[in-house]
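A short write-up of the structure that comes next.
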Amino acid sequence: MLLLFVIIILIGLLCVSLYANDIYIRRICRCLFIFISIYIAGFRDMIGQDYPQYVERLKYIEELSLFNEPSFTLLAILVKETDFSHVFFFLIMSIITLIPIYKFYYSSKFPLYSIFIFLLFPGCGYLQTFNLVRQFAAIAISLYAFKYVINRDLMKFLLITFVAFLFHFSAIFLIPLYYIVNLKVRNWILVLSIIASLLISKLDISLTSIVLLIPGYESYYYNQISNESSTVVLILNAFMIYIILNKKLFVKDQADNVFLNYTVIGIVLYNLSIISEVFMRLSLYGLIYIPITLTLPFIKQTNGTIVYKVTIIIFFILVFINLYLSGYAEDFAILPFSSLFD
């Protein structure tokens, strides 16, 4: 199945699920939208950078430890005890990942644009969930903790973060963020952080000296992420700086402030990912909010807002088309599928 065709169908269903006059039509289309998204992600065959590794790990569950991300181990045991193939594991992970993400975006102020950006955004969007399976499950679960960040309910926040932690240990990074993202940071500090991270990313810096901070995850420190989409990254940085400089107009409540802070942290860390993969991994916990943060200017209904909306739409369509036509997306262009019984 052609990926481009799938995305067009999903965007069509998304529009109908939000704007159809009949409430039952909206509900049916929303269910179809989520079902197709999960079906594509769950039944894909060998699509995703970690897919072959998971298939091999599922064959040798006796070598897995409950002390190493136990939720993955328990799921692996469950798959092994059934008559289903490894596809069952990816189907379950797709359900765990995509339902919380879509639920979160559907509840945003501008769900059409938020989900549209998620579908087309290569950095932390739908296609990226094919690659970082366990971590995206942790990220999706962490979205349930967002309201407890706003309400300052530490115990419930920690409980949800612990569940996310069971899928991927990087979720522990959310704990210090609980105390940071509620701060009202001055605009110049946010802008300076973004610019500084861009400049630092050009320096030849190694993190091997602190590799022992997370034993067992040394590869995250040694691996460098080549930033082939530097133009896209720079434009995203420009969007964020524009929003920050107009924060008084666009940020209307504490939730908006938290969205902005999460996203700035994600952008800063993603800028540094060229130094080490560890920054890219941690950045995803902030970038998951970018589809909402980029819609903050929509609140102010002016001619400038219309220009901004059109710019955002055109930008992400071009990014997706470029991704689809590039070498990176060759394996995604046509999606092969597997059976539960293979």
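Here the structure is a predicted model, which is why all the values come from computation and not from measurement. Reckoned from all heavy atoms, side chains included, excluding hydrogens, waters and symmetry mates.
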Side chains of [X] and [Y]: is there a donor and an acceptor less than 3.5 Å apart?
| X | Y | answer |
| --- | --- | --- |
| Ser17 | Tyr106 | yes |
| Asn182 | Asn257 | no |
| Ser37 | Tyr102 | yes |

With distance as the sole test, does [X] use its side chain to make a donor-acceptor pair with the main-chain N or O of [Y] at under 3.5 Å?
| X | Y | value |
| --- | --- | --- |
| Ser114 | Pro111 | no |
| Lys252 | Leu249 | yes |
| Asn187 | Ile244 | yes |
| Thr129 | Tyr126 | yes |

To check you understand the geometry: which heavy-atom pair defines the closest contact between [X] and [Y], and what is its length?
| X | Y | value |
| --- | --- | --- |
| Val133 | Thr97 | O-OG1, 4.4 Å |
| Ala255 | Ile150 | CA-CD1, 3.6 Å |
| Ala171 | Ala138 | CB-CB, 4.5 Å |
| Val185 | Lys247 | O-NZ, 2.8 Å |
| Gly42 | Val87 | O-CG1, 3.4 Å |

(request) Can you spot which of Ile267, Asn261, Ile241, Ile265 makes a side chain to side chain contact (heavy atoms under 4.5 Å, CB included) with Leu190? (result)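 In the set Ile267, Asn261, Ile241, Ile265, the residue that makes a side chain to side chain contact (heavy atoms under 4.5 Å, CB included) with Leu190 is Asn261.
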(request) Determine, for Asp22 against Arg27, whether the closest basic-nitrogen to carboxylate-oxygen distance falls under 4.0 angstrom. (result)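 No, no charged N to carboxylate O under 4.0 Å.
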(request) Indicate yes or no: does Asp256 engage Lys109 in a salt bridge with an N to O separation below 4.0 Å. (result)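 Counted as a salt bridge, because a side-chain N and a carboxylate O are separated by less than 4.0 Å.
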(message) I want to know whether Phe89 and Tyr54 have ring centres closer than 6.0 Å.
(response)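 Close enough - the centres of the two rings lie under 6.0 Å apart.
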(message) Taking the ring centre of each residue, are Tyr308 and Phe239 less than 6.0 Å apart?
(response)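 Yes, the ring of Tyr308 comes within the 6.0 Å limit of the ring of Phe239, centre to centre.
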(message) Parallel, tilted or perpendicular, judged at 30° and 60°: which one describes the rings of Phe162 and Phe165?
(response)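 Parallel.
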(request) Look at the aromatic rings of Phe250 and Tyr242 and report parallel, tilted or perpendicular, splitting at 30° and 60°. (result)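 Geometry flag for Tyr242 against Phe250: tilted rings.
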(message) Using the rule given for side chain to side chain contact (heavy atoms under 4.5 Å, CB included), can you reason through Arg281 versus His168, listing the C-alpha separation, both sets of side-chain angles and the distance that settles it, and then say yes or no?
(response) CA-CA 11 Å; Arg281 291 283 186 158; His168 203 271; 3.8 Å; yes
(message) What's the separation between atom CG in Asn271 and atom OG in Ser273, rounded to the nearest 0.5 Å?
(response)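 Between atom CG of Asn271 and atom OG of Ser273 there are 7.5 Å.
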Is the shortest heavy-atom distance from the side chain of [X] to the side chain of [Y] under 4.5 Å?
| X | Y | answer |
| --- | --- | --- |
| Phe121 | Gln128 | no |
| Ile141 | Pro100 | no |
| Met280 | Leu269 | no |
| Asn237 | Tyr270 | no |
| Tyr144 | Lys156 | no |
| Ile34 | Leu98 | no |
| Leu260 | Val181 | no |
| Ile38 | Phe43 | no |

(request) Verify side chain to side chain contact (heavy atoms under 4.5 Å, CB included) between Val258 and Phe146, making sure each step is shown before the conclusion. (result) CA-CA 9 Å; Val258 173; Phe146 181 82; 3.5 Å; yes
(request) Would you sort out whether Tyr179 and Arg152 count as a side chain to side chain contact (heavy atoms under 4.5 Å, CB included), showing the intermediate values? (result) CA-CA 9 Å; Tyr179 298 99; Arg152 311 308 293 158; 4.3 Å; yes
(request) For the pair Val149 and Tyr262, evaluate side chain to side chain contact (heavy atoms under 4.5 Å, CB included) and give the outcome as yes or no after the intermediate values. (result) CA-CA 11 Å; Val149 175; Tyr262 264 124; 3.8 Å; yes
(request) Assess whether atom CG of Leu183 is packed by more than 12 heavy atoms of other residues, nucleotides or ligands within 6.0 Å. (result)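 Enclosed: over 12 neighbouring heavy atoms sit under 6.0 Å from CG of Leu183.
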(request) For residues 285-295, pull every pair meeting side chain to side chain donor-acceptor pair (under 3.5 Å), keeping only residues two or more places apart or in separate chains. (result)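 Matches after skipping sequence neighbours: Ser170-Tyr285, Thr263-Thr293.
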(message) Here's one to test your reading of the geometry: is the NZ or CZ of Arg44 within 45 degrees of the ring axis of Tyr51 and under 6.0 Å from its centre?
(response)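 Not flagged: Arg44 not positioned over aromatic ring of Tyr51.
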